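Note that this is a predicted model, so its numbers are computed, not measured.
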Amino acid sequence: MSQTVSRATTILQLACDGPRSLAEIGDRLGVHRTTALRLLHTLAEAGLVRRLPDGTWGAGRGLAALAARAGGQFGLRDLAHPHLAALQESTGHTVHLAALRESTIVYVDKISPPGPIRMYARIGRPVPLHTAGVSKAILAHLPAAHADEVLEGWEFTPYTPATLITRAALDQELRAVRERGWAADEGEFEEFVHCVAVPVRNAFGDVTAAVSLTALRAQAGRAALHALLPSVRRCAGAIAEHLGYQEEPS
């Protein structure tokens, strides 16, 4: 790798980790500040870095756009599967991954524990929008117009006594999901099954997918399942990181 390319790569890695001062970048590269500044200006012209109001340098929008475009070469399922498998192995419960496809939410992966019992969800099939935790985790974070588009014409079939059977009831639940950051299916499709779900963000911070952990109530009660939420969050966070998402510093 040429020295210039190596230095530019180092700058991009630093910028992705967080804003850096010119002095810090120069020190990390082992070059004079003028040399570092020349490289920064070249990368800034391509939109790969940007100068912030406080004078530091951070990742540019062009870098996020490139990450999103490149992500198309790696299917969501391929990127997510190792993390889903690790979650399933560590918890022993069924793991689902669902994704937003224009105006539809579909299951894109599912990993079940060994045994004869299998959950309803099928890869490639639409998600029951008013009952599934993954659909609620996604819908709760969509712009209102997009959520309306996804839910247009949806039939609120009452599968169990716990099923939300009106749009108003679902909207109230989605508000709660936004506030707490996770969703649930409390026996709303099948009385003996429940789940918790966490949203997955892409490079632009948009929620485009969700991960859920599903269990038979006889195997894991509500408290036991909720205690596993940190593991589900870590899984969703790892997938989001692969998609190019960077959490804003607190």
_Rounded at 0.5 Å granularity, tell me how far CG in L164 sits from OG1 in T131._
8.5 Å
_Please report the interatomic distance CG(L225) to CG(L213), rounded to the nearest 0.5 Å._
5.5 Å
_What verdict does the side chain to side chain contact (heavy atoms under 4.5 Å, CB included) test give for T163 and T157, after you've listed the backbone C-alpha separation in whole Å, the side-chain angles of each residue and the deciding distance to 0.1 Å?_
CA-CA 8 Å; T163 303; T157 304; over 6 Å; no
_Side-chain heavy-atom pair R77, I123 within 4.5 angstrom cut-off_ = yes
*So which heavy atom on G187 is nearest to which on R217, and how close?*
N-NH2, 3.2 Å
*Under a 4.5 Å cut-off applied to non-hydrogen side-chain atoms, are L12 and L43 in contact?*
yes
*Where is the tightest heavy-atom contact between L87 and T91, given as atom of each residue plus distance?*
O-OG1, 2.8 Å
_Check this for me: Q172, atom CD, are more than 12 non-hydrogen atoms of other residues, nucleotides or ligands nearer than 6.0 Å?_
no
*Between the main-chain N or O of T94 and the side-chain N or O of K110, is there a donor-acceptor pair closer than 3.5 Å?*
no
*Once you round to the nearest 0.5 Å, how far does CZ of R28 lie from CD1 of I11?*
11.0 Å
*Mind telling me whether W182 and H226 have parallel, tilted or perpendicular rings, with 30° and 60° as the class edges?*
perpendicular
*Does CD belonging to E149 count more than 12 external heavy atoms closer than 6.0 Å?*
yes
*Could you tell me whether R180 and E173 make a salt bridge, using a distance below 4.0 angstrom between a side-chain N and a carboxylate O?*
yes
*When you look at CD1 of I165, are more than 12 heavy atoms from neighbouring residues, nucleotides or ligands closer to it than 6.0 Å?*
no
_I'd like to know if the side chain of D206 pairs up with that of T208 as donor and acceptor (distance under 3.5 Å, no hydrogens or angles considered)._
no
*So, do L76 and I239 sit near enough that their side-chain heavy atoms are less than 4.5 Å apart?*
yes
*Flag yes if F156 and V177 sit in one hydrophobic cluster, no otherwise; membership is Ile, Leu, Val, Met, Phe, Trp, Tyr, and two members link when side-chain heavy atoms are under 4.5 Å apart.*
no
*Got a second to check how far H41's NE2 is from W57's CH2, nearest 0.5 Å?*
4.0 Å
_Cluster overlap I111 with L79, hydrophobic side-chain contacts below 4.5 Å_ = yes
*asked:* Within the 4.5 Å heavy-atom criterion, are P113 and H93 side-chain neighbours or not?
replied: no
_Exercise: do R234 and S231 side chains pair donor with acceptor under 3.5 Å_ = yes
*asked:* Any side-chain to backbone donor/acceptor pair from H194 onto A220? Under 3.5 Å, distance only.
replied: yes
*A140 backbone acceptor or donor facing R178 side chain under 3.5 Å*: yes
_A80 to L97 - nearest heavy-atom pair and separation_ = CB-CD2, 3.6 Å
*Run the numbers on R167 and D171 for salt bridge (Lys or Arg N to Asp or Glu O under 4.0 Å), then give the verdict.*
CA-CA 6 Å; R167 175 65 189 273; D171 285 343; 2.9 Å; yes
*Search all heavy atoms of V207 against all heavy atoms of A137 and return the closest pair with its distance.*
CG1-O, 4.0 Å
*How far does CD of Q88 sit from OG of S112, to the nearest 0.5 angstrom?*
7.5 Å
_Is there a side chain to side chain contact (heavy atoms under 4.5 Å, CB included) between V193 and D185? Walk through the geometry before answering._
CA-CA 8 Å; V193 175; D185 170 358; 5.6 Å; no
*Quick check: does any side chain N or O of S212 sit under 3.5 Å from a backbone N or O of T214, one acting as donor and the other as acceptor?*
no
_L139 side, atom CG; H146 side, atom NE2 - distance, nearest 0.5 Å_ = 9.0 Å
*Given the rule in the side chain to side chain contact (heavy atoms under 4.5 Å, CB included) test, do L170 and L151 qualify, once you have shown the distances and angles that lead to the verdict?*
CA-CA 10 Å; L170 178 60; L151 288 165; 3.9 Å; yes
*Kindly give the heavy-atom pair with the smallest separation between C235 and L84, and that separation in Å.*
SG-CD2, 3.9 Å
*Specify whether Y107 and H96 have parallel, tilted or perpendicular ring planes, treating 30° as the upper limit for parallel and 60° as the lower limit for perpendicular.*
tilted
_Does E241, at its CD atom, have more than 12 non-hydrogen atoms belonging to other residues, nucleotides or ligands within less than 6.0 Å?_
no
_So which atom in A98 and which in V127 form the shortest heavy-atom distance, rounded to 0.1 Å?_
CB-CG2, 4.0 Å
*asked:* Has T56 got a side-chain atom pairing as donor or acceptor with L52's backbone, closer than 3.5 angstrom?
replied: no
*asked:* Could you walk me through whether T35 and R7 satisfy the side chain to side chain contact (heavy atoms under 4.5 Å, CB included) test, starting with their C-alpha distance in whole Å, then the side-chain angles of each, then the deciding distance to 0.1 Å, before giving a yes or no?
replied: CA-CA 10 Å; T35 301; R7 289 171 175 171; 4.1 Å; yes
*Is the number of heavy atoms from other residues, nucleotides or ligands under 6.0 Å of R50 CZ greater than 12?*
yes
